[in-house]
*Asks:* 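Before I ask anything, here is the structure I am working with.
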Amino acid sequence: QVQLVESGGGLVQAGGSLRLSCQASGQFFGVNDMGWYRQAPGKQRELVATISRHMATNYADATKGRFTISRDNAKNTVYLQMNNLKPEDTAVYYCNGAIKVMRIDIIDEMHIWGQGTQVTVSS
């Protein structure tokens, strides 16, 4: 009984900025690794960035220096700050989280996806 809810997508001109948010809600014990992925029309889903619970980060080469992933563990929320956006960044952005949940009498980990949010960058 947990979900990831995304917000912050929209239409922006090239060079502009957006900040995406993704918050976990429901009954769970915590969130381990979280990340952002994107999928453009006609292309496969690709990694954007990941962040561990202890703030270790990893970025795709195409976003290094422009995007910043962060998280607030108290709010169970991950963010993606996107600066200097380019038309090739246009895609549906999905967040992913490794959620710690109770399975019978042990704590297990389940991987879930947000609903996706559209980011469109005009040229």
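Positions are given from 1 along the sequence. Just so you know, these numbers use all the heavy atoms, side chains as well, and skip hydrogens, waters and symmetry mates.
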*Asks:* So, taking the atom named OG in S70 and the one named CE in M55, what distance separates them when rounded to the nearest 0.5 Å?
*Replies:*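 Between S70 OG and M55 CE, I get 8.0 Å after rounding to 0.5 Å.
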*Asks:* Measure the spacing between CD of Q13 and OG of S122 and express it to the nearest 0.5 Å.
*Replies:* 6.0 Å
*Asks:* Just checking, is any N or O donor in the side chain of S17 or N83 under 3.5 Å from an acceptor N or O on the other one?
*Replies:* yes
*Asks:* Using the test side-chain hydrogen bond (donor to acceptor under 3.5 Å, both in side chains), find all partners of N58 that sit at least two apart in sequence or belong to another chain.
*Replies:* none
*Asks:* Quick check: closest heavy atoms across A40 and A91, and the distance to 0.1 Å?
*Replies:* N-CB, 3.8 Å
*Asks:* Only pairs at least two apart or in different chains count here, so list each salt bridge (charged side-chain N to carboxylate O under 4.0 Å, His left out) that has a residue in residues 23-32.
*Replies:*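 Of all non-adjacent pairs touching residues 23-32, none passes salt bridge (charged side-chain N to carboxylate O under 4.0 Å, His left out).
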*Asks:* So M34 and T50, do their side chains get closer than 4.5 Å, heavy atoms only?
*Replies:*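 The answer is no; the side chains never approach within 4.5 Å.
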*Asks:* In the structure I gave you, are the side-chain heavy atoms of R45 and Y37 within less than 4.5 Å of one another anywhere?
*Replies:*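 They are in contact (side-chain heavy atoms under 4.5 Å apart), so the answer is yes.
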*Asks:* Listing request: all disulfide bond (SG atoms under 2.5 Å apart) pairs with a residue in residues 54-123, at least two apart in sequence or in separate chains.
*Replies:*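 Output for this query lists C22-C95.
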*Asks:* Considering non-hydrogen atoms only, spot the tightest contact between I69 and Y59 and give its length.
*Replies:*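 In this case the closest contact between I69 and Y59 is N-OH, 2.9 Å.
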*Asks:* Which residues pass the side-chain hydrogen bond (donor to acceptor under 3.5 Å, both in side chains) test with R38, sequence neighbours left out?
*Replies:*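 Counting only residues at least two positions away or on another chain, R38 forms a side-chain hydrogen bond (donor to acceptor under 3.5 Å, both in side chains) with E46, D89, Y93.
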*Asks:* Could you pull out all residues at least two apart from Q118 that satisfy side-chain hydrogen bond (donor to acceptor under 3.5 Å, both in side chains)?
*Replies:*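 side-chain hydrogen bond (donor to acceptor under 3.5 Å, both in side chains) check on Q118 returns T120.
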*Asks:* Work out which heavy atom in L85 is nearest to a heavy atom in L18; give both atom names and the distance.
*Replies:* CD1-N, 3.9 Å
*Asks:* Which atom names give the shortest non-hydrogen contact between I112 and M110, and what distance separates them?
*Replies:* CG2-CE, 3.5 Å
*Asks:* Counting N and O atoms only, with roles assigned by atom type, does the side chain of E6 sit under 3.5 Å from a partner on the main chain of G116, one being a donor and the other an acceptor?
*Replies:* yes
*Asks:* Quick check on R19: does its CZ atom have over 12 non-hydrogen neighbours (other residues, nucleotides or ligands) under 6.0 Å away?
*Replies:* no
*Asks:* Are D33 and I51 side-chain neighbours, meaning at least one heavy-atom pair lies under 4.5 Å?
*Replies:* no
*Asks:* Quickly, which of V92, T90, L20 forms a side-chain contact (heavy atoms from CB on, under 4.5 Å) with V119? Name it, please.
*Replies:* L20
*Asks:* How close do V48 and F67 get, heavy atom to heavy atom, and via which atoms?
*Replies:* CG1-CD2, 3.7 Å
*Asks:* What are the two closest heavy atoms between Y94 and Q115, and how far apart are they?
*Replies:* CE2-O, 3.9 Å
*Asks:* List the residues meeting side-chain hydrogen bond (donor to acceptor under 3.5 Å, both in side chains) with N73, not counting sequence neighbours, and say none if there are none.
*Replies:* R71
